[in-house]
Every structure is written in structure tokens, then in C-alpha cells.
Amino acid sequence: MSTSPDIDVFGEAPGGERPRIDLAAEHKPRIWARFLAKWIDFYLCLIPSFVIMMGLIFLYSFVATLLAWPVDETIFDGYIFVGVFLVFHALTFTVLEAFCVSQFGNTPGKALMGIRIRNIIGSRLSFRSSLKRSALAMLAGMGLGIPLISLITHIICARTLSEDGHVFWDRVDSLQYLTQPVGAWRWIFALVIYIVCRALELAMNYL
């Protein structure tokens, strides 16, 4: 049997032990790292959001057919479906991000960009605190992912981070948003993911 310690999928040491990092750099805002981490997670969450949404549609259609209910298939097409999916995706992302942060201290995107979230005593957040943080970040930080609104909220948040070193949801429950420098390959990988996902999003809008 191997005696090597296990490392969780998000890169945290066993038992929540924190890796050695530069303490002087730990609280730097690293605006672009936060931006990329958030959007990478947001795009990755499209997969479970789509799967769950399709599952719910299938369940609704099956029950409606079984009970001989009238089914208006037009609600599954066009702008109505897109609008419902955007809201559903925002809710799914908020819950899944809150779960990952409460369980692992970060998310895939945050782990890639060397970001961890802790409470005031350095422990992982409770799910309730993490959900509150995720909901506020989704509303005030990402503008629910709506293009024009998210652009405005990003500009405001970037200015706040550069001036104060934190945004207001970092301080709601006295949270610590800890960062560390990451290698060039991580930046390249994150940028490639973001650019590809953004390009696919734009392409889908013109189909």
C-alpha cells in the first residue's frame, strides 16, 4: 500500500494544509487572475447547467405526455429558452461555486490562477457563507453574465480592487481572498480557455 499523501483535485494539500507561498504577495488583488478564474469557472459550468436543463426539459415532456397535458414546444426555442437558460445557468453556477469553495477552498479556475478563499481564521468557508459570497459576486461582479451589464460591473470592480485591494463581498463575512504568483504556462492556458470559450459564445450568437 502506498504511503504517499493524496492531493485533492483542486491542488490543496491533505487536511487543508496550506502550501508555502510568499506571505507579502498573498493579499495582492491580482485583478486579471481573478477575472480569468471567474470566467473560466463560469464557462466550465455551462456543461452541468446544460445537462441539468435538458434533463428537466425531458422530465417535463415525459410527465406532460404521460398525463396528457398540452405541451407548447415554442417555449423551448428562441429568446424565451435563451433567457430561461441564462437565469438557470447563473443559479447553477452560484450554487456549484459555493459548494466548491466551501469544500475545497477554491474552484478549478481559482486553483489554476493560484487563488484561495478563507474565512477570518484561515479555515474554509461554510456553505452558507460561501453561497452568500457567490451570489453577491454573481450579481455585483458579473452582472448575471449579461454582456453589457457585466462589462460595467467588471470596470467598477477592477477600479475598486486597484484602489482598495478588495471588493465589498470579500468583506461581507470578513473573508480572505488569498492569491499567489503563478507560472507563465498557467496564464497561457487560462487565456486560451477564455478566448476559445468567448469565441464559441460569439459564434453561437450568430447562428
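Start at 1 with the first residue, then count along the sequence.
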Margin query: Could you go through Met113 and Trp187, starting from their C-alpha distance and side-chain angles, then the distance that decides it, and tell me whether this counts as side chain to side chain contact (heavy atoms under 4.5 Å, CB included)?
Written below: CA-CA 7 Å; Met113 302 310 297; Trp187 281 101; 3.7 Å; yes
message: Under 4.5 Å between side-chain heavy atoms, counting indirect links through other Ile/Leu/Val/Met/Phe/Trp/Tyr residues: same cluster for Val87 and Tyr43 or not?
response: no
For side chain to side chain contact (heavy atoms under 4.5 Å, CB included), just list the numbers for Cys157 and Trp169, CA-CA rounded to whole Å, side-chain angles, deciding distance to a tenth of an Å, and then say yes or no.
CA-CA 11 Å; Cys157 290; Trp169 58 84; 3.5 Å; yes
CD1 of Ile146 to CG of Leu151, rounded to nearest 0.5 Å, is 13.0 Å
Contacts satisfying ring-ring contact (aromatic ring centres under 6.0 Å, His included) that involve residues 112-140 (not counting sequence neighbours) are none
key: Any donor-acceptor pair under 3.5 Å from Arg118 side chain to Gln176 backbone   = no
Margin query: If you count heavy atoms of other groups shown closer than 6.0 angstrom to CZ of Arg198, is the number above 12?
Written below: yes
CG (Asn106) and CG (Leu112) are apart, to the nearest 0.5 Å, by 10.5 Å
### Query
Quick check: are there more than 12 heavy atoms from other residues, nucleotides or ligands sitting under 6.0 Å from OH of Tyr194?
yes
So NZ of Lys38 and NE2 of His154: to nearest 0.5 Å the spacing works out to 9.5 Å
Checklist entry - When clusters are formed by joining ILVMFWY residues with side-chain heavy atoms under 4.5 Å apart, either directly or through shared neighbours, do Phe50 and Phe88 land in the same one? => result yes
Interatomic distance, OG@Ser49 vs CG@Leu44, rounded to 0.5 Å, equals 11.0 Å
Check your understanding: Strictly under 6.0 Å, is that where the ring centroids of Tyr177 and His166 end up?
Key -> no
Do the side chain of Asp41 and the main chain of Gly109 share a donor and acceptor less than 3.5 angstrom apart?
-> yes
**OP:** Return yes if a side-chain donor-acceptor contact under 3.5 Å exists between Glu97 and Thr107, otherwise no.
**Re:** no
**Prompt:** Can you hop from Leu96 to Phe85 via hydrophobic side chains spaced under 4.5 Å?
**Reply:** no
Rounding to 0.5 Å, atoms CG (Leu175) and NZ (Lys132) come to a distance of 9.0 Å
dist Ile117:CD1 -> Ser129:OG (nearest 0.5 Å) comes out at 9.5 Å
Notebook entry, point to check: When you check the gap from the basic side-chain N to the acidic O, do Arg159 and Asp164 get nearer than 4.0 Å?
Noted result: no
Ring-ring centroid check Phe42 His89, cutoff 6.0 Å: yes
